[in-house]
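Protein chains get the first letters and strands the later ones, always in sequence-line order, with residue 1 at the start of each.
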There are 2 protein chains.
Amino acid sequence: MAAPTRRERLRKAAVAEIKDGARRLLVTGGVDAISLRAIARDMGMTAPAIYRYFPSLEALVAALAGDLYDELRLLLETARDDAGAEPVDQLLTMSRAFRAWSVAHPAEFGLIFGAPTPGRNALVDGCVDPGHPGSRFGAVFIQPILDLWRRSPFRTPPPELLRQRLGGRLEPLRLSHGELPVEVAYAFLSGWTRLYGLVAMEVFHQFDWAVTEAEELFELELEMLTAQLLADPPNQAPLGAKG
Amino acid sequence: MAAPTRRERLRKAAVAEIKDGARRLLVTGGVDAISLRAIARDMGMTAPAIYRYFPSLEALVAALAGDLYDELRLLLETARDDAGAEPVDQLLTMSRAFRAWSVAHPAEFGLIFGAPTPGRNALVDGCVDPGHPGSRFGAVFIQPILDLWRRSPFRTPPPELLRQRLGGRLEPLRLSHGELPVEVAYAFLSGWTRLYGLVAMEVFHQFDWAVTEAEELFELELEMLTAQLLADPPNQAPLGAKG
DNA sequence: AATTTCAGTGAACGCCGTTAACTATCGCAA
DNA sequence: TTGCGATAGTTAACGGCGTTCACTGAAATT
């Protein structure tokens with residue numbers, strides 16, 4: 001697969017230009033501002049031409065969303081690689097990079113992490129296969145947690161409780177990441193949910209009525225999160241164990 | 001202010017019918033399916049007539065969002081009142097009611113808790129005033145936490161750390177809820193963020209690639225959350241205190 | 001050189017929000 | 001009771017949208 005034909009090159013360039021236009025509209029006017037006619041206009045084309053490259057507006061937006069997932073994942077991987085070998089440092093750096101990207105790109109964040117809509121659900125549909133962007137994205141956070149766990153297990157709810165509550169429900173996770181210790185799966189789910197909650201609240205302006213600035217709260221919660229990942233299990237029962 | 005005139009009655013009924021139509025479209029087709037023409041069609045009217053009641057589609061959607069906020073708040077208040085006098089029970093019941101409503105009404109959840117968009121931001125704009133729906137909504141969760149704290153302070157990060165990190169940034173919260181102990185403010189922000197994260201992840205299908213069913217994870221996290229609100233402060237320094 | 005493939009066009013259909021000009025009715029005051 | 005202003009509704013129109021269809025012209029293949 002050496003030489004792409006001339007057609008293939010042009011086609012690839014056109015696809016990229018269309019996506020670029022879509023993203024520009026996304027950034028300046030939100031998802032609803034993405035329109036085939038506007039994109040085509042910017043390219044000096046007519047709208048129906050875009051149907052040579054994407055079967056519908058929805059498909060174009062879905063492709064854009066996939067790209068954004070990968071862009072963010074690559075950003076986090078770079079952040080991780082810059083953070084050295086210590087898993088906690090990796091998680092801290094990745095979390096900060098995640099927040100920074102999200103705050104700097106609210107429209108993009110909303111597209112991939114916001115509410116799916118009829119007409120914008122192409123990504124959540126084929127969602128169980130391991131190649132799904134969301135899955136590859138999750139892996140970036142799972143690995144450091146797993147490293148950490150292997151070095152020295154941290155404080156979690158008692159594993160029998162975890163197995164009972166989560167055991168049968170982690171098939172999708174297993175499918176893409178193999179057999180994780182249930183404590184690691186829990187730590188990831190819990191931690192990623194908190195991280196997501198913090199960032200989504202900020203980006204979606206859910207903090208506005210309570211807090212003038214969310215960064216310090218974010219840092220504070222980050223400390224609490226990582227502290228939990230470093231806390232030794234006292235004997236076995238941590239915070240709340242009622243069985 | 002006893003007798004509403006006949007005109008006022010009719011007007012109120014029309015406004016309600018318009019909102020009902022808007023909500024029906026929201027539920028069946030998502031936010032983008034809300035259209036003045038469709039609403040009018042369902043009412044046996046023409047679209048411009050709606051401008052007698054709402055200045056724009058955006059204003060109508062904002063009004064609907066406000067109603068949904070209140071509907072959810074009333075639901076939570078009822079749940080709280082049914083839960084008895086114990087604040088922890090109140091919080092548990094309210095949290096479960098919040099999740100249940102959100103899962104049963106994903107479109108509505110997305111409208112009030114999802115990404116604001118140019119053309120759908122009327123609610124986040126006038127957001128600092130204490131009468132804002134988000135603020136009244138938050139109050140429902142704050143009260144039980146405050147009750148709990150007054151009865152017996154729970155485990156939090158050290159207050160000097162909280163004051164240093166959050167102290168100057170809680171004016172909006174103070175504006176609507178008076179002087180809260182910073183530990184209570186933190187417990188609310190942290191807890192509400194985790195609750196929001198859990199529910200938003202589920203409703204927005206962000207769990208699909210990892211977990212088959214989110215209820216047990218929700219219950220598990222709820223236990224961890226409330227356990228934290230019941231944990232006595234050992235001496236003073238809890239999870240992670242680095243200063 | 002002939003033919004197939006492919007990118008792009010123009011016209012059209014049926015949606016949409018919004019505005020403007022206009023009509024009929026309702027409710028109130030002289 | 002008559003008249004009049006406020007109010008609720010209409011039709012027509014503008015520009016924008018996604019999408020389809022029939023068509024053209026150029027590029028690639030044979």
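- You'll find that the side chain of B:Pro48 is closest to D:dA12, out of C:dG17, D:dA28, D:dA12.
- Residue contacts shown for B:Arg11 are limited to sugar-phosphate atoms, with no base heavy atom under 4.0 Å away.
- One atom, CD1 of B:Ile34, and another, P of C:dC15, lie 19 Å apart when rounded to the nearest Å.
- Checking C:dT18, D:dT7, C:dG17 against the side-chain heavy atoms of B:Ser35 singles out C:dG17 as nearest.
- One interatomic measurement links the two molecules: CD1 of A:Ile39 to C1' of D:dG18, which rounds to 12 Å at whole-angstrom precision.
- Here the side chain of A:Tyr196 pairs a donor or acceptor atom with the backbone of A:Phe113 at under 3.5 angstrom.
- The CZ-P distance, from A:Arg6 to D:dT29, rounds to 12 Å in whole Å.
- Between the P atom of D:dA8 and the CE atom of B:Met43 lies a distance of 12 Å, rounded to the nearest Å.
- Distance CZ (A:Phe54) to P (C:dC6): 17 Å, rounded to an integer number of Å.
- Comparing B:Tyr51 and B:Arg7 by the nucleotide of DNA chain C whose heavy atom lies nearest to each, the residue mapping closer to the 5' end is B:Tyr51.
- A cation-pi arrangement, defined by a distance under 6.0 Å to the six-membered ring centre and an angle within 45 degrees of its axis, is absent between A:Arg73 and A:Phe137.
- A donor-acceptor pair shorter than 3.5 Å can be found between the side chains of B:Glu221 and A:Ser190.
- The phosphate of C:dG14 (OP1 or OP2) has no side-chain N or O of B:Arg41 nearer than 4.0 angstrom.
- Residues A:Ala47 and A:Arg52 both approach DNA chain D. Their nearest nucleotides, taken by heavy-atom distance, put A:Ala47 toward the 5′ side.
- Nearer the 5' end of DNA chain C, as judged by each residue's closest nucleotide, is the contact made by B:Leu36, out of B:Leu36 and B:Leu10.
- Using a 4.0 Å heavy-atom criterion, one finds that B:Tyr53 contacts the sugar-phosphate atoms exclusively.
- Residue B:Asp32 contributes atom CG, which lies 17 Å from atom P of C:dC15 at whole-angstrom precision.
- Of the candidate nucleotides D:dC17, C:dC16, D:dT10, D:dT10 has the atom lying nearest to any side-chain atom of B:Met45.
- Considering only side-chain N and O atoms, A:Thr46 lies nowhere under 4.0 angstrom from the phosphate OP1 or OP2 of C:dG8.
- Side-chain atoms of A:Glu108 and A:Trp101 form no donor-acceptor pair, as typed in the model, at a separation below 3.5 Å.
- The side chain of B:Ala49 lies closest to D:dT10, out of D:dT10, C:dT5, D:dT19.
- Looking at B:Glu202, its side chain never comes within 3.5 Å of a backbone N or O of B:Gly197 through a donor-acceptor pair.
- If you measure from atom CD1 of A:Ile50 to atom C1' of C:dC6, you get 16 Å, rounded to the nearest angstrom.
- Atom C1' of nucleotide D:dT29 and atom CD of A:Glu8 are separated by 14 Å, given to the nearest angstrom.
- Considering only side-chain N and O atoms, B:Arg37 lies nowhere under 4.0 angstrom from the phosphate OP1 or OP2 of C:dC15.
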